[in-house]
Amino acid sequence: MKVEALKCRICGKEFPPEALYTCDNCFGPLEVKYNWDWIHDHASKEKIVKGPNSLWRYRDFLPVSGEPVDLGAGFTRFIRATNLGEKLGLKNLFLIDDSVNPTYSFKDRVVSVAVTKAKEFGMKAVGCASTGNLAGSLSAHAAKANLPAYIFMPRGVEKGKIIQALVHGAKVIEVDGTYDDANRVATEVAEEHPDWGFVNINLRPYYAEGSKTLAYEAAERLGWNLPDQVVVPMASGALLCAIYRGFRDLERVGFVEERDVVFNGTQPRGLPISRAVKYGGGIEPVKKMDTLVHSLAIGNPADGIFAKDIIEKTGGFAEDPADEDTIEAVKLLAKTEGIFTELAGGVTVAGLKRLVDDGRIDRSDVVVVYLTGNGLKTGEAVLDHLDDTIKIKPRLEEFEEVVA
Ligand SMILES: *Cc1c(COP(=O)(O)O)cnc(C)c1O
Ligand SMILES: [Zn+2]
């Protein structure tokens, strides 16, 4: 079998590959341990290239065996960003544009894998705690899978994201508190209902694996080569850790030559992972988060220590742009590459700019930047920073007058 066990990321204790997520020995989080002989025997580049134009082209590397719950997530646009590169001073800048996944964020990758696993386990419902994007994605995939969905959101999630969760028929529970409060309630509910699959709680070890496909895609699109540097937005830090594992997987099966990819992370100002990397110290949870970038606002990041460790051991850095710089970066990307990303993408592009300006990324480095969500979901946040529309009566002369 492809999945051998679940393994504690702290003490290494192994568990059967069930819906488990914490170690009973040290309370550490669990991760999937694969049978690499199985993967060696089954996976090949040829098979991948002939596979579907979705993340399921990499299914030999994913911890599921059932029929995928598939809305077509993954294998999104891989763009050589010459205009933005020129503005920032980079010759080899590439973007993975997950703003155009089926529900308009990268969360479709993790959710497609986790809901497939929930089906495989015969679970009766699915759920999650969400800052917004996960809600929309889970709600849509649950609809496709014919499963009820329970979604726990904090206060202050953007309207567009709430509408998206509701339209697919999920039960949306707005918790009067932060994401971390919503997550705590959802965890209690998950404990109470063991036959419900909470994708980022009791299915988290499987869920996280969906993000590895963002590493596979970068390598495949670069002609089976690894980049010099990556820039990754961080909320819990799970995405950054998964991309790291994804590159290691490809080295392990010999699909790419080994390369020490430098990992850079970005978070809005004041959040724990960037703060710890940039200013020193450990991952200190924060209670009050003062940022418009709700999708990255996790005060107590589950993968924080692991993400920090990867950034530091690969010689990368973390940036923490202020919201004004984030909004400017959303506009810069939109005006140079024609991509309207949500604020998380602005954080990433603003972070990238800082890394280049400070000489941490070289002009000729091959850089892959991950854009993880769509701007139309958080449009209100940038509206006040755009030009006003030009209002005229329906007459040619008025038009000519205002543009003169
Ligand atoms: C969830 C999310 C991320 C990353 O989340 P992690 O918890 O670090 O895996 C990045 N960008 C967007 C837009 C997201 O919704
Ligand atoms: Zn342990």
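In each ligand, atom 1 is the first atom listed, and ligand 1 is the first ligand listed. Computed from a predicted structure; not experimentally measured. Here, residue 1 is the first one in the sequence, and each next residue gets the next number.
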What is the closest protein heavy atom to [atom], and at what distance does it sit?
atom                    : result
atom 14 (C) of ligand 1 : K107 NZ, 2.9 Å
atom 5 (O) of ligand 1  : A235 CB, 3.5 Å
atom 7 (O) of ligand 1  : S236 OG, 2.5 Å
atom 11 (N) of ligand 1 : T372 OG1, 2.6 Å

Atoms of ligand 1 close to [X] [distance to a heavy atom under 4.0 angstrom, numbered from 1]:
X    : value
E342 : 13 (C)
L296 : 3 (C), 10 (C), 11 (N)
M234 : 8 (O)
L239 : 6 (P), 8 (O), 9 (O)
A238 : 6 (P), 8 (O), 9 (O)
G237 : 6 (P), 7 (O), 8 (O)

Would V189 and I173 count as a side-chain contact (heavy atoms from CB on, under 4.5 Å) if you check the C-alpha gap in whole Å, the side-chain angles of each, and the deciding distance to 0.1 Å? CA-CA 12 Å; V189 176; I173 297 102; over 6 Å; no
Angle between ring planes, F61 versus Y216, binned at 30° and 60°: parallel, tilted or perpendicular? tilted
Would you kindly specify which portion of N133 sits under 4.0 Å from ligand 1, judged on non-hydrogen atoms: side chain, backbone, both or neither?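 Looking at N133 and ligand 1, just side chain atoms fall under 4.0 Å.
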Specify side chain, backbone, both or neither for A344, according to which of its non-hydrogen atoms lie closer than 4.0 Å to ligand 1. side chain
Using the six-membered ring of [Y], assess whether NZ or CZ of [X] lies under 6.0 Å from its centre and within 45 degrees of the ring axis.
X    : Y    : answer
R184 : F152 : no
R221 : F94  : no
R360 : F317 : yes

Would you mind finding which of Y104, Y207, F106, Y370 brings a heavy atom closest to atom 4 (C) of ligand 1? F106
Can a salt bridge be assigned to the pair E312 and K308 using a cut-off of 4.0 Å between side-chain N and carboxylate O?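 Salt bridge flag = yes for K308 with E312.
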Shortest non-hydrogen contact from D108 to A73?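 Reported closest heavy-atom pair: CB-CB, 3.5 Å.
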Considering non-hydrogen atoms only, spot the tightest contact between A125 and L147 and give its length.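 Heavy atoms of A125 and L147 come nearest at N-CD2, 4.3 Å.
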Checking D325, D290, D320, D323 against R269 for salt bridge (Lys or Arg N to Asp or Glu O under 4.0 Å), the one that qualifies is D320
Rounded to 10°, how big is the angle at the Zn ion (ligand 2) from C23 SG to C26 SG? 120°
